[in-house]
Amino acid sequence: MAKPPTVYVLNGPNLNLLGVREPEIYGTDTLDDIAGALEDRGRELGLGIDMRQSNHEGHLIDWLHEAQAEGARAVILNAGAFTHTSVALHDAVKAISVPVIEVHLSNPQARESFRRRSFVAPVAQGTIAGFGALGYQLALDAAARL
Ligand code: DQA
């Protein structure tokens with residue numbers, strides 16, 4: 001059987017600590033919980049899920065390039081704090097033609113002023129923020145319709 005189109009789900013720094021990290025802000029779901037829910041929804045939508053996390057900026061950049069090389073359907077990207085700092089991530093998203101959907105569990109616009117700037121948003125297809133783990137599902141549903 002042919003492989004279903006794949007959506008890369010890339011997670012940046014400190015998101016490996018989801019579930020224990022500031023649960024009042026980020027919720028109690030772990031990254032594994034989110035991956036499981038995405039795989040279930042992906043099966044319904046006919047999409048494969050490739051979920052990854054790294055605390056290293058370069059890994060995220062390499063994976064964005066890989067998504068392009070592998071012909072991914074879309075990338076769901078929660079770049080964590082690199083969202084607010086990384087020109088290199090901005091350039092990598094801009095360099096690929098795969099649509100990138102920016103996701104944040106919290107709503108960075110409603111938090112500290114240093115979170116209000118996103119280097120990803122101007123080059124993303126769109127942004128989903130403030131809905132906790134549900135945001136990943138909403139992004140996957142959006143990816144399926146692109
Ligand atoms: C985050 C928001 C960022 O500001 C923060 O640095 C994170 C998580 C979110 O999912 O809400 O690490 O991307």
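Computed from a predicted structure; not experimentally measured. In listed order, ligands and their atoms are each counted from 1.
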Query raised in the report: Crowded around Arg116 CZ? As in, over 12 foreign heavy atoms under 6.0 Å?
Result: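 For Arg116, atom CZ is crowded (more than 12 foreign heavy atoms under 6.0 Å).
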
Distance-only N or O hit between ligand 1 and [X], under 3.5 Å:
X      : result
Thr83  : no
Leu105 : yes
Pro108 : no

Query - Proximal atoms of ligand 1 relative to Tyr26 (non-hydrogen, under 4.0 Å) - result: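 So the answer, numbered in order with elements, is 5 (C), 7 (C), 8 (C), 9 (C), 11 (O).
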
Query raised in the report: Can you list the atoms of ligand 1 that are under 4.0 Å from a heavy atom of Ser106?
Result: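 So the atoms of ligand 1 that pass are 2 (C), 9 (C), 11 (O).
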
Requested in this report: With rounding to the nearest 0.5 Å, note down the distance linking NE2 in His104 to OG1 in Thr83.
Outcome: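 So the NE2 of His104 and the OG1 of Thr83 are separated by 4.0 Å.
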
When you measure from [atom] to each heavy atom in [options], which option holds the nearest one?
atom                    : options                        : result
atom 3 (C) of ligand 1  : Arg116, Arg21, His84           : His84
atom 13 (O) of ligand 1 : Asn78, Val120, Val103, Leu77   : Asn78
atom 6 (O) of ligand 1  : Glu102, His104, Arg111, Arg115 : Arg115

Query raised in the report: Taking Asp91 for the side chain and Ala88 for the main chain, is one N or O donor matched with an acceptor at less than 3.5 Å?
Result: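 Checked: no pair found.
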
Query raised in the report: Side-chain heavy atoms under 4.5 angstrom apart, residues restricted to Ile, Leu, Val, Met, Phe, Trp, Tyr: same cluster for Tyr8 and Val93?
Result: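 Yes; Val93 is reachable from Tyr8 via cluster members.
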
**Report entry** Parallel, tilted or perpendicular: rings of Phe119 and His90 (30°, 60°)
**Finding:**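 His90 and Phe119: perpendicular rings.
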
Query - Check ion pair Glu66-Arg52 (N to O, under 4.0 angstrom) - result: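 Yes, this pair counts.
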
